[in-house]
Amino acid sequence: MSRLTTHVLDTAHGKPGQGIEVVLYKIVDNQRTRLLSKTTNADGRCDGPLLEGEAFQSGIYELDFHIGSYFTRMGVQLPQPAFLDVVTLRFGVADASQHYHVPLVASPWSYSTYRGS
């Protein structure tokens, strides 16, 4: 089934990243168009796919993960400005008939991603 999903893993605390704002953009001619904003649930996931079916098309997308405010809520003492505040992942969708899972694995000092399933 064609869809785009995400989740956040907090490696500093060893748990899912709950309550993190995730904003999805489509990039066309190097211009960002905001498509939606969601908040991660107790499992660090959004309650449903970010995009699915005909709404999910090939192209370039960006996900903004607002992790700075999350780590502040978690009681982490961050410098001002925080080293990581909003993490932006730009990724391409070549085949929109597939499932693209784009997670964020993060701490206040680092992050990584991968194409999951």
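Just so you know, residue 1 is the first one in the sequence shown, and it goes up from there.
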Can you find a heavy atom in the side chain of [X] that is under 4.5 Å from one in the side chain of [Y]?
| X | Y | answer |
| --- | --- | --- |
| T113 | P103 | yes |
| F65 | V8 | yes |
| L89 | V102 | yes |
| T6 | L50 | yes |
| L51 | L35 | yes |

- Test salt bridge (charged side-chain N to carboxylate O under 4.0 Å, His left out) applied to D43 - qualifying residues, sequence neighbours left out: R45
- What residues, two or more places apart in sequence or in another chain, satisfy salt bridge (charged side-chain N to carboxylate O under 4.0 Å, His left out) together with R32? E62, D64
- Message: Side chains of S69 and T72: any donor to acceptor distance under 3.5 Å?
- Response: no
- Query: Which pairs pass ring pair (Phe, Tyr, Trp, His ring centres under 6.0 Å) with one or both residues in residues 68-90, sequence neighbours excluded?
  - Reply: none
- Shared ILVMFWY cluster between F91 and I20, side chains joined below 4.5 angstrom? yes
- Between R115 and the options Q98, H101, H99, the side-chain hydrogen bond (donor to acceptor under 3.5 Å, both in side chains) test singles out Q98
- With sequence neighbours left out, the residues meeting ring pair (Phe, Tyr, Trp, His ring centres under 6.0 Å) with H66 are none
- Residues in side chain to side chain donor-acceptor pair (under 3.5 Å) contact with E21, at least two apart in sequence or another chain: S37
- Task: List, by chain and then residue number, the residues other than V105 in its hydrophobic cluster (Ile/Leu/Val/Met/Phe/Trp/Tyr, side-chain heavy atoms under 4.5 Å); write none if there are no others.
- Result: L9, Y114
- Query: Can R90 be said to sit on top of Y61's aromatic six-ring, NZ or CZ under 6.0 Å from centre and within 45° of the ring axis?
  - Reply: no
- Which heavy-atom pair separates F56 from S2 by the least distance, and what is that distance? CD2-C, 4.0 Å
- Task: Determine the minimum heavy-atom distance between P16 and A42, stating which atoms define it.
- Result: CB-O, 3.7 Å
